[in-house]
K.L.:
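If you scroll down you'll find the structure; I have some questions about it.
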Amino acid sequence: MIKPDATKRNLIGKINSYLENAGLKIVAQKMVRLEESQAREFYAEHKERSFFSGLITYMTSAPVVLQVLKGENAITKSREIMGATNPAEARPGTVRKDFAVDIEANSIHGSDSIESAEREINFFFSKEEIVE
Ligand code: GTP
Ligand code: MG
């Protein structure tokens, strides 16, 4: 997911280049403005954290780009090109080092396991929307 800080700053094309150059294929993509209820459910694992309400405000502050990425070891590859959650700790050449604003407005989200990828893809996409 390309997050609100990045869509606001017209970084969709640049971030897609990073993903494609990392060997990932975009097989589904759509732009939406998340409803508050969707953001809360999507990030339910963080609902007890102190930053949760700020995270929901941020995630609903502008459109996001939802994607399904395909490739060998796609989760590892995508986490590598995204960089560390905190951009101050991310390596140069990663999306978060090169574009993120701070630990909250960190430009991109990626599924962190096969299980979360399945859940997150089903949360936003129907089968027909994934084109291979
Ligand atoms: P995602 O790919 O977005 O899930 O990031 P992640 O897996 O690297 O981080 P995590 O799942 O731990 O946190 C989810 C999101 O919550 C982050 O991407 C940030 O946008 C936000 N976040 C995480 N930790 C903090 C924090 O300490 N403070 C604030 N303000 N936001 C945070
Ligand atoms: Mg996460």
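Whatever order the structure lists them in is the order used to number ligands and atoms, beginning at 1.
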K.L.:
Would you indicate whether the side-chain heavy atoms of Val32 and Val64 approach each other to under 4.5 Å?
P.N.:
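In short, these two side chains touch, coming nearer than 4.5 Å.
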
K.L.:
Around atom NZ of Lys77, are there more than 12 heavy atoms of other residues, nucleotides or ligands at under 6.0 Å?
P.N.:
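Result for NZ/Lys77: enclosed.
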
K.L.:
Gly110 versus ligand 1: do any nitrogen or oxygen atoms come within less than 3.5 Å of each other?
P.N.:
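Yes; the residue has a nitrogen or oxygen that sits under 3.5 Å from a nitrogen or oxygen of the ligand.
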
K.L.:
Which atoms of ligand 1 sit under 4.0 Å from any heavy atom of His109?
P.N.:
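Listed by number with element, the hits are 1 (P), 2 (O), 3 (O), 4 (O).
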
K.L.:
Would you compute the distance between atom NZ of Lys3 and atom CG of Leu55 and round it to the nearest 0.5 angstrom?
P.N.:
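Rounded to the nearest 0.5 Å, the NZ-CG separation comes out at 6.5 Å.
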
K.L.:
Give the residue and atom name of whichever protein heavy atom lies nearest to atom 5 (O) of ligand 1, and the separation in Å to one decimal.
P.N.:
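Checking every protein heavy atom, the shortest distance to atom 5 (O) of ligand 1 gives Arg96 NH2, 3.2 Å.
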
K.L.:
Kindly write out the residues that satisfy salt bridge (Lys or Arg N to Asp or Glu O under 4.0 Å) with Asp98, not counting sequence neighbours, or none if the list is empty.
P.N.:
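Salt bridge (Lys or Arg N to Asp or Glu O under 4.0 Å) list for Asp98, sorted by chain: empty.
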
K.L.:
Drop me the distance from Lys47's NZ to Glu41's CD, to the nearest 0.5 angstrom.
P.N.:
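Here the rounded value is 10.5 Å.
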
K.L.:
If we only consider heavy atoms of Tyr43, is any one of them less than 4.0 Å away from an atom in ligand 1?
P.N.:
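Right, Tyr43 reaches ligand 1.
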
K.L.:
Give the atoms of ligand 1, by number and element, whose distance to some non-hydrogen atom of Leu55 is under 4.0 Å.
P.N.:
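What qualifies from ligand 1 is 16 (O), 20 (O), 21 (C).
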
K.L.:
Inspect the contact between Arg40 and Glu36 and indicate whether a charged nitrogen and a carboxylate oxygen are less than 4.0 angstrom apart.
P.N.:
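Salt bridge present between Glu36 and Arg40.
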
K.L.:
Just to confirm my output: which protein heavy-atom neighbour is closest to atom 8 (O) of ligand 1, and how far is it?
P.N.:
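Among all protein heavy atoms, the one nearest atom 8 (O) of ligand 1 is Thr85 OG1, 2.3 Å.
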
K.L.:
Applying a heavy-atom cut-off of 4.0 Å, say which part of Ile103 lies close to ligand 1: side chain, backbone, both or neither.
P.N.:
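For Ile103, the contact with ligand 1 is made by both the backbone and the side chain.
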
K.L.:
Is the shortest distance from a heavy atom of Glu120 to ligand 1 less than 4.0 Å?
P.N.:
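Outside the 4.0 Å threshold, so no.
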
K.L.:
Not counting sequence neighbours, list each pair that qualifies as a salt bridge (charged side-chain N to carboxylate O under 4.0 Å, His left out) and has a residue in residues 15-34.
P.N.:
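Checked against salt bridge (charged side-chain N to carboxylate O under 4.0 Å, His left out) - neighbours excluded - the pairs reaching residues 15-34 are Lys30-Glu129.
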
K.L.:
Is Glu45 near ligand 1, meaning one of its heavy atoms is under 4.0 Å from it?
P.N.:
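No, that is not the case, since the closest heavy atom of the residue is not under 4.0 Å from the ligand.
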
K.L.:
Any idea which protein heavy atom is nearest atom 20 (O) of ligand 1, and the distance to it?
P.N.:
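It is Glu104 O, 2.8 Å.
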
K.L.:
Can Arg79 be said to touch ligand 1, with heavy atoms closer than 4.0 Å?
P.N.:
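Yes, Arg79 has heavy atoms under 4.0 Å from ligand 1.
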
K.L.:
Number the atoms of ligand 1 from 1 as they appear, then name those within less than 4.0 Å of a heavy atom of Asn106, with their elements.
P.N.:
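Listed by number with element, the hits are 17 (C), 18 (O), 19 (C), 20 (O).
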
K.L.:
Below 30° counts as parallel, above 60° as perpendicular, anything between as tilted: where do the rings of Phe51 and His46 land?
P.N.:
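Phe51 and His46: tilted rings.
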
K.L.:
Answer side chain, backbone, both or neither: which part of Lys3 comes under 4.0 Å from ligand 1, heavy atoms only.
P.N.:
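The part of Lys3 near ligand 1 is the side chain, not the backbone.
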
K.L.:
To the closest 0.5 Å, what do you measure between CZ (Arg96) and CD1 (Ile108)?
P.N.:
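One gets 7.0 Å once the value is rounded to the nearest 0.5 Å.
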
K.L.:
To which protein heavy atom is atom 23 (C) of ligand 1 closest, and what is the distance rounded to 0.1 Å?
P.N.:
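Result for atom 23 (C) of ligand 1: Phe51 CZ, 3.5 Å.
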
K.L.:
Can you say whether the rings of His109 and Tyr43 are parallel (under 30°), tilted (30 to 60°) or perpendicular (over 60°)?
P.N.:
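The arrangement is perpendicular - the two ring planes meet at more than 60°.
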
K.L.:
At a non-hydrogen distance cut-off of under 4.0 Å, which region of His46 contacts ligand 1 (side chain, backbone, both, or neither)?
P.N.:
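His46 to ligand 1: side-chain contact only, backbone stays beyond 4.0 Å.
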
